[in-house]
Amino acid sequence: MGRYHYLSSFFAGVFLTNFVPHFVKGVCGDAFPTPFAKPPGQGLSSPSLNILWALFNLVVGYVLFRAGRVYTENDLSKLIFFAGLALMSSYLAKRFVTKDKL
């Protein structure tokens, strides 16, 4: 597999991880930061915008998941996918710890 498969695998983990908090907050009716808030990434966006942002992340993550061939027997691709998932999870946990204090 080429390098772009592994890069796709990594970013599939990133985008699919980012899908979760925006989708959950959106369906719960809670405001949550998105890149479209004012100021970007710090202000709160509406639940509807969070659902749209979540679905965008889901589609991009799925396309990258398929492009990275994570679903195959390639264990390195799966490991890199989970590395992207773990790094994005850690980043989001640190980034949004102060969300309620905005």
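Side chains are part of it too, since the values below use all heavy atoms of this structure and drop only hydrogens, waters and symmetry mates.
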Item to check | Taking every non-hydrogen atom, the tightest pair across Ala37 and Ser45 | outcome: CB-OG, 3.5 Å
Checklist entry - Can you tell me how far the CZ atom of Phe15 sits from the OG atom of Ser8, to the nearest 0.5 Å? => result 11.0 Å
Checklist entry - Is it the case that one hydrophobic cluster holds both Val24 and Leu58, taking links as side-chain heavy atoms less than 4.5 Å apart, direct or via other members? => result yes
Next on the checklist: Set out, in order, the CA-CA distance, both residues' side-chain angles and the distance that settles side-chain contact (heavy atoms from CB on, under 4.5 Å) for Phe10 and Leu87, then state yes or no.
Outcome noted: CA-CA 10 Å; Phe10 179 81; Leu87 287 173; 3.8 Å; yes
Checklist outcome for this item: Separation between NE2 (His22) and CG (Leu55), nearest 0.5 Å, reads 12.0 Å
Next on the checklist: Would you call the rings of Tyr71 and Phe65 parallel, tilted or perpendicular, taking 30° and 60° as the class edges?
Outcome noted: tilted
Next on the checklist: With a 4.5 Å cut-off on side-chain heavy-atom distances among I, L, V, M, F, W and Y, is there a chain of contacts connecting Leu64 to Leu92?
Outcome noted: yes
Checklist entry - Does the side chain of Tyr91 come under 3.5 Å of the side chain of Asn18 through a donor N or O and an acceptor N or O? => result no
Item to check | Nearest non-hydrogen partners of Ile80 and Tyr6, listed with the distance | outcome: CG2-O, 3.3 Å
Checklist entry - Minimum heavy-atom separation for Val14 to Met88, with atom names? => result O-CG, 3.6 Å
Next on the checklist: Just verifying a value: how many Å separate Asp30 CG and Ser46 OG, rounded to the nearest 0.5 Å?
Outcome noted: 12.0 Å
Checklist entry - In this structure, are over 12 heavy atoms from other groups packed under 6.0 Å from Phe36 atom CZ? => result yes
Item to check | Side-chain heavy-atom pair Leu7, Phe11 within 4.5 angstrom cut-off | outcome: yes
Next on the checklist: Working to the nearest 0.5 angstrom, can you tell me the gap between Asn57 CG and Leu16 CG?
Outcome noted: 8.5 Å
Checklist entry - In terms of the angle between their ring planes, are Phe96 and Phe32 parallel, tilted or perpendicular, with boundaries placed at 30° and 60°? => result tilted
Next on the checklist: Is any side-chain heavy atom of Phe23 closer than 4.5 Å to one of Asn50?
Outcome noted: no
Next on the checklist: Assigning hydrophobic clusters by single linkage (Ile, Leu, Val, Met, Phe, Trp, Tyr; side-chain heavy-atom cutoff under 4.5 Å), is Val70 placed with Val20?
Outcome noted: yes
Checklist entry - What distance do Thr17 atom OG1 and Phe81 atom CZ have between them, rounded to the nearest 0.5 Å? => result 6.5 Å
Checklist entry - Do any N or O atoms from the side chain of Ser77 and from the backbone of Ser9 form a donor-acceptor pair under 3.5 angstrom? => result no
Next on the checklist: Assigning hydrophobic clusters by single linkage (Ile, Leu, Val, Met, Phe, Trp, Tyr; side-chain heavy-atom cutoff under 4.5 Å), is Leu49 placed with Trp53?
Outcome noted: yes
Next on the checklist: Restricting to non-hydrogen atoms, name the atom on Leu44 and the atom on Pro33 that form the minimum distance, rounded to 0.1 Å.
Outcome noted: CD2-CD, 3.6 Å
